There are 2 protein chains.
Amino acid sequence: MMPDKAGAKARAEGNAAAEAGHGGRPAARPLYVQVKELMRARLSDGSWKPGRILPSEFELAAEFGVSQGTVRKALDELAVERLVVRRQGKGTFVAEHDEDRALFHFLKLLADDGGRALPESRVLGVKAARANAAERAALALEEGAKVWRIDRLRHLSGRPAILEQVAAPEALFPGLGKEEPVPNTLYRLYEARYGVTVARAEERLKAVAAGAAEAQALDIAPGASLLAIDRIAFAIDGRPVEWRRSLCLTDRHHYLAELV
Amino acid sequence: MMPDKAGAKARAEGNAAAEAGHGGRPAARPLYVQVKELMRARLSDGSWKPGRILPSEFELAAEFGVSQGTVRKALDELAVERLVVRRQGKGTFVAEHDEDRALFHFLKLLADDGGRALPESRVLGVKAARANAAERAALALEEGAKVWRIDRLRHLSGRPAILEQVAAPEALFPGLGKEEPVPNTLYRLYEARYGVTVARAEERLKAVAAGAAEAQALDIAPGASLLAIDRIAFAIDGRPVEWRRSLCLTDRHHYLAELV
DNA sequence: TAGTGGTCTAGACCACCAT
DNA sequence: TGGTGGTCTAGACCACTAG
């Protein structure tokens, strides 16, 4: 543990406790924030892989030279961010995009009757291309950078309901387009195959009119209203790693948002 | 403080500290959760009014017969729920729907260029009526209960953009329809005039086609795509207190959602 | 200077889980 | 039975605010 300012020497010599809490340490950023960032870095760089168990709070405290309570506060906040999962009596684990989380945590579209229909996908096409301006802006890419574009049609309750184009940087996901088959839950693939964990996302919604091709794919009339969802997904370190645009039929489904 | 099970007598006699943390108390629900619920009740029943300062953590701890750390944990969670606001060096305050929060915290519609245009309202009509089936379902009302219905047109960036109907139970807001004028920020009125604090809300979104009357009000073509937002607002105690349906033009605006 | 919330530590006991 | 996270207390010092 290397704190921001003073106290580093004392800490390195093993009397961290005496310095950190009770002593006259200036502490630019709170200790628990520093511990949290160190742990976040391990989650981000692959030192702690998804699904694996973390050292116990006391072990982490000893390693970082802080008290168990400080480690706990850092872990609490990582748990709120869903980067780790606590299981009483067992330990603390690195969060994983299991099938359920991948499918439902980031998919806010529900059936009007309350059910969650399984969103099965049919891939319409996969190709690599130079990123266009919108993709470069969303993904913070340089001019000339390449992306994979995946077009697919997803079904809800057995009916075509979501027409979707996914754009992902080729540099981050080499060979993604050659995966056979492209799985239904891309985030699991990003995590397992490329070590990229999607931690959060931003979605921007608009109501738009269906174009001719979209109408045909979704089996609706041209000009019908569709819910357009633009999503940017961010990795643990905050980098944007995927951009997708989904056109959704909302005659029997709706998008649910909770405001606190 | 009346804990769930055992320890009540000891606590009432003043040695709560000895019993609660170190003793053999079974503790069905954690102490801090019980403290939190007690404080939530005070916020809900008007004992602690919006804007007022709370007793200090030590005073609350003494009153409830727990340690300051336990009160702190309860307050931390209430702060996450935005029911209280902490200000270092000053104290902890009951959260208030100030102009900004009322306008922007629950309004997720942003201009595409990133600006937040002030949503000015023009009231089209206010009337009392028996709640229809949809309103009864959303607001958990009995057959025959009455609601106020407020129709209004809201402008964003100077253009008509949101056509909205608000439904609020008459029993909860007597005389609401006679307020002159009906203010732009209803939640502030609910709070200041009726003691009802909106704590959270659920929104369900769909893309719909504009009807003739809607198209005229919004100055668009009939059949154009609109974003329909159904919102149910809940008070601190969890009761639904308002239902509103907003039809939004999204050609220059979008709805922003964050997924964690 | 006094009071408040914010951080940090230390140590106790509980509930849960695997063995 | 031993180890884990979960709760609770106690007491210290810091940073901020106000008089």
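Quick caveat, the model's predicted, so the values are computed rather than measured.
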According to the Watson-Crick and G-U wobble definition with distances under 3.5 Å, which dot-bracket string, read 5' to 3', encodes DNA chain D, using [ ] for crossing pairs and | for pairs with another strand? ||||||||||||||||||.
Mark yes when over 12 heavy atoms from residues, nucleotides or ligands other than B:Glu37 sit less than 6.0 Å from its CD; otherwise mark no. yes
Salt bridge (charged side-chain N to carboxylate O under 4.0 Å, His left out): pairs with one or both residues in residues 41-50 of chain A, sequence neighbours excluded: A:Arg42-A:Glu63
Take atom [atom1] of [X] and atom [atom2] of [N], then tell me their distance rounded to the nearest Å.
X: A:Leu54; N: D:dT4; atom1: CG; atom2: C1'; value: 13 Å
X: B:Leu60; N: C:dT4; atom1: CG; atom2: P; value: 11 Å
X: A:Phe93; N: C:dC16; atom1: CZ; atom2: C1'; value: 13 Å
X: B:Phe58; N: C:dT4; atom1: CZ; atom2: P; value: 9 Å
X: A:Arg72; N: C:dA12; atom1: CZ; atom2: C1'; value: 13 Å
X: B:Leu75; N: C:dT7; atom1: CG; atom2: P; value: 14 Å
X: A:Glu59; N: D:dT4; atom1: CD; atom2: C1'; value: 10 Å
X: B:Arg29; N: D:dT7; atom1: CZ; atom2: P; value: 13 Å

Below 4.0 angstrom from OP1 or OP2 of D:dG5, is there any side-chain N or O of A:Thr92? yes
Would you say the side-chain atoms of A:Arg154 pair up with the backbone N or O of A:Glu120, donor to acceptor, closer than 3.5 Å? no
Would you check if the side chain of A:His105 reaches a backbone N or O of A:Asp100 as a donor-acceptor pair within less than 3.5 Å? no
Counting distance alone, no hydrogens or angles: does the base of C:dG6 have a donor or acceptor under 3.5 Å from a partner atom on the side chain of B:Arg86? no
Regarding D:dG5, can its base be found pairing with the side chain of A:Arg87 as donor and acceptor, where the two atoms are less than 3.5 Å apart? no
From C-beta outward on B:Tyr32, which listed nucleotide comes closest to its side chain: C:dA10, C:dT7, D:dT7? D:dT7
Which nucleotide in C:dG5, D:dT7, D:dG6 has an atom nearest any side-chain atom of B:Glu57: C:dG5
Please identify each residue that fulfils side chain to side chain donor-acceptor pair (under 3.5 Å) with A:Arg82, with sequence neighbours left out. none
Please enumerate all residues that pass salt bridge (Lys or Arg N to Asp or Glu O under 4.0 Å) together with A:Lys36, with sequence neighbours excluded. A:Glu77, A:Glu81
For B:Arg200, salt bridge (Lys or Arg N to Asp or Glu O under 4.0 Å) partners two or more places apart: A:Glu258, B:Glu202
5'-most contact on DNA chain D: B:Gln68 or B:Lys73, nearest heavy atom basis? B:Lys73
Testing the 3.5 Å rule here: is there a donor-acceptor pair between the side chains of A:Thr92 and A:Arg86? no
State whether A:Tyr255 and A:Lys108 meet the cation-pi test: NZ (Lys) or CZ (Arg) under 6.0 Å from the six-membered ring centroid, and within 45° of the perpendicular axis. no
Could you go over nucleotides 16-19 of chain D and give all protein N or O partners under 3.5 Å, atom names and distances?
residue, atom, partner, partner atom, Å
D:dC16, O4', B:Gln88, OE1, 3.2
D:dA18, OP1, B:Lys90, NZ, 3.4

